[in-house]
Amino acid sequence: MATEQIAVRLSTTLLDELDQLVDSGAFTSRAAAVRAGVEAITVLERRRQVDRSIVEGYRRCPPTDAEDHAARAALMASILEEPW
């Protein structure tokens, strides 16, 4: 996979925290920590986009009363099946 280097400015406080993560062994380098952060934010944003799409779909086509009732019944049955 091709990569590209970028420059990032961080406050000294954030840079100190980044260095603590590296010093503690949580990440092998500053770059690895920053890369992990960007990856985490990217995954989170993708999930948010999916969530927004689902919400918009339900707004455009809300469930019928019968569908809502069936979903609640299935939920209750699933909870009752749990071994807790």
Side-chain angles (χ1 to χ4, degrees):
M1 172 176 61
T3 62
E4 190 171 327
Q5 187 173 4
I6 62 169
V8 178
R9 291 188 181 273
L10 301 174
S11 68
T12 55
T13 302
L14 192 54
L15 188 57
D16 288 343
E17 291 180 18
L18 181 63
D19 287 338
Q20 288 174 11
L21 289 169
V22 174
D23 292 344
S24 73
F27 296 95
T28 57
S29 66
R30 286 175 170 177
V34 170
R35 192 169 28 258
V38 171
E39 289 170 355
I41 290 168
T42 301
V43 168
L44 180 62
E45 184 54 32
R46 274 193 229 120
R47 288 179 181 166
R48 286 179 178 162
Q49 288 173 354
V50 169
D51 290 348
R52 286 190 293 266
S53 294
I54 291 169
V55 168
E56 180 57 30
Y58 276 106
R59 283 190 179 130
R60 281 194 321 262
C61 185
T64 64
D65 288 340
E67 291 169 332
D68 192 42
H69 179 71
R72 288 176 191 266
L75 173 63
M76 296 302 288
S78 295
I79 291 171
L80 292 174
E81 290 175 6
E82 284 297 320
W84 33 359

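Nothing fancy with the numbering, it's 1 onward along the sequence. All values derive from a computational prediction rather than experimental measurement.
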Just how far is it from atom [atom1] of [X] to atom [atom2] of [Y], taken to the nearest 0.5 Å?
X: Thr13; Y: Leu18; atom1: OG1; atom2: CG; result: 12.5 Å
X: Arg47; Y: Thr42; atom1: CZ; atom2: OG1; result: 12.0 Å
X: Ile41; Y: Arg46; atom1: CD1; atom2: CZ; result: 12.5 Å
X: Leu21; Y: Ser29; atom1: CG; atom2: OG; result: 11.5 Å

Closest non-hydrogen atom pair between Phe27 and Ala36, with its separation |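 Phe27 and Ala36 have their closest heavy atoms at CE2-CB, 3.4 Å.
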Report all side-chain donor-acceptor pairs from residues 62-78 shorter than 3.5 Å, counting only partners two or more places apart or in another chain.
{"residue": "Thr64", "atom": "OG1", "partner": "Glu67", "partner atom": "N", "Å": "3.1"}
{"residue": "Thr64", "atom": "OG1", "partner": "Glu67", "partner atom": "OE1", "Å": "3.4"}
{"residue": "Glu67", "atom": "OE1", "partner": "Thr64", "partner atom": "N", "Å": "2.8"}
{"residue": "Asp68", "atom": "OD2", "partner": "Arg72", "partner atom": "NE", "Å": "3.3"}
{"residue": "Ser78", "atom": "OG", "partner": "Ala74", "partner atom": "O", "Å": "3.0"}

What do you reckon, is CD of Gln5 surrounded by more than 12 foreign heavy atoms closer than 6.0 Å?
->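 Incorrect, the count does not exceed 12.
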Can you get from [X] to [Y] by hopping between Ile, Leu, Val, Met, Phe, Trp and Tyr side chains that sit under 4.5 Å apart?
X: Val50; Y: Tyr58; result: yes
X: Leu44; Y: Val38; result: no
X: Val34; Y: Ile6; result: yes

By side chain to side chain donor-acceptor pair (under 3.5 Å), which residues pair with Arg59, not counting sequence neighbours?
->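 For Arg59 there are no side chain to side chain donor-acceptor pair (under 3.5 Å) partners, ignoring immediate neighbours.
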Worked check of side chain to side chain contact (heavy atoms under 4.5 Å, CB included) between Val22 and Thr28 = CA-CA 6 Å; Val22 174; Thr28 57; over 6 Å; no
